[in-house]
Amino acid sequence: IAPSAGVDIERDVKTAREQSLLGNYEASLERYEAVLGVTPEALVATLPNSERRATADRLERFQKQLREEVQLLRRITAEWADLGDFGAGAAAAGGGGSARAANEAPG
């Protein structure tokens with residue numbers, strides 16, 4: 001898929017998925033939104049008329065899949081937000097200390 005308006009669709013989708021896998025959800029959402037901001041019509045404008053409709057249909061299905069991925073990603077970020085600060089509960093309950101200290105054998 002050709003770049004449009006400064007967006008390289010393939011690179012940005014790959015980056016969005018990689019960032020999501022790494023837990024960089026905000027960066028992932030930014031890339032997804034950049035891709036979803038490009039309309040199928042803008043992407044097919046440079047194609048011959050005979051290819052435009054079929055390509056636009058494929059792009060619409062692709063964008064639907066991306067919107068589903070974004071929805072799942074937003075659910076994940078909401079779940080993380082509901083958990084609060086990671087590890088805060090253990091420290092407040094007297095279980096504070098570093099992970100390293102927890103893994104060391106008593107000596």
Side-chain angles (χ1 to χ4, degrees):
I1 300 174
S4 177
V7 176
D8 182 329
I9 303 297
E10 290 181 46
R11 185 195 70 221
D12 285 342
V13 169
K14 180 180 178 184
T15 300
R17 289 174 173 163
E18 288 172 349
Q19 292 301 310
S20 179
L21 287 171
L22 294 171
N24 299 325
Y25 303 124
E26 293 301 319
S28 177
L29 283 170
E30 288 175 14
R31 293 295 81 217
Y32 275 118
E33 289 171 5
V35 171
L36 289 170
V38 179
T39 64
E41 293 79 18
L43 291 171
V44 300
T46 59
L47 295 176
N49 286 337
S50 61
E51 296 177 24
R52 287 184 186 180
R53 185 71 238 151
T55 303
D57 288 344
R58 284 194 307 271
L59 287 168
E60 287 175 16
R61 286 192 305 272
F62 176 64
Q63 285 189 326
K64 180 179 185 251
Q65 177 184 344
L66 292 181
R67 284 190 293 275
E68 290 171 1
E69 291 178 27
V70 167
Q71 183 180 22
L72 291 171
L73 191 53
R74 286 190 174 131
R75 285 176 43 195
I76 290 170
T77 57
E79 296 250 351
W80 273 107
D82 287 345
L83 291 174
D85 292 336
F86 187 71
S98 70
R100 187 176 139 240
N103 290 328
E104 291 177 354

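Closest approach of A56 to P40, counting heavy atoms only: O-CB, 4.2 Å. The nearest pair of heavy atoms linking A16 to S28 is O-OG, 2.7 Å. Residues A27 and Q19 approach most closely at CB-OE1, 4.0 Å, considering heavy atoms.
Between R53 and E60 there is a salt bridge, with a side-chain nitrogen of the basic residue lying less than 4.0 Å from a carboxylate oxygen of the acidic one. For R61 and D57, the salt-bridge test fails: no basic side-chain N is under 4.0 Å from an acidic carboxylate O. Ion pair E69/R17 flagged as a salt bridge, since at least one NZ, NE, NH1 or NH2 atom sits closer than 4.0 Å to an Asp/Glu carboxylate oxygen.
Looking at heavy atoms from C-beta onward, V13 lies out of side-chain contact with R31 at the 4.5 angstrom threshold. When side chains are defined from C-beta on, R67 does not count as touching Q71, because their heavy atoms never get closer than 4.5 Å. Using a 4.5 Å cut-off on side-chain heavy atoms (C-beta onward), L36 and Q63 make contact.
Taking OG of S20 as the start and CG of L72 as the end, the distance is 9.0 Å to the nearest 0.5 Å. To the nearest 0.5 angstrom, F62 atom CZ is 4.0 Å from L66 atom CG. Note: Y25 OH to T77 OG1 = 9.0 Å, rounded to the nearest 0.5 Å.
When atom types are taken as modelled, the side chain of T55 and the backbone of R52 share no donor-acceptor pair closer than 3.5 angstrom.
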| Going through the checks in order, is the salt bridge (charged side-chain N to carboxylate O under 4.0 Å, His left out) test met by E33 and R74? | CA-CA 12 Å; E33 289 171 5; R74 286 190 174 131; 2.5 Å; yes

| task | Could you walk me through whether E10 and K14 pass the salt bridge (charged side-chain N to carboxylate O under 4.0 Å, His left out) test, one step at a time? | result | CA-CA 6 Å; E10 290 181 46; K14 180 180 178 184; over 6 Å; no

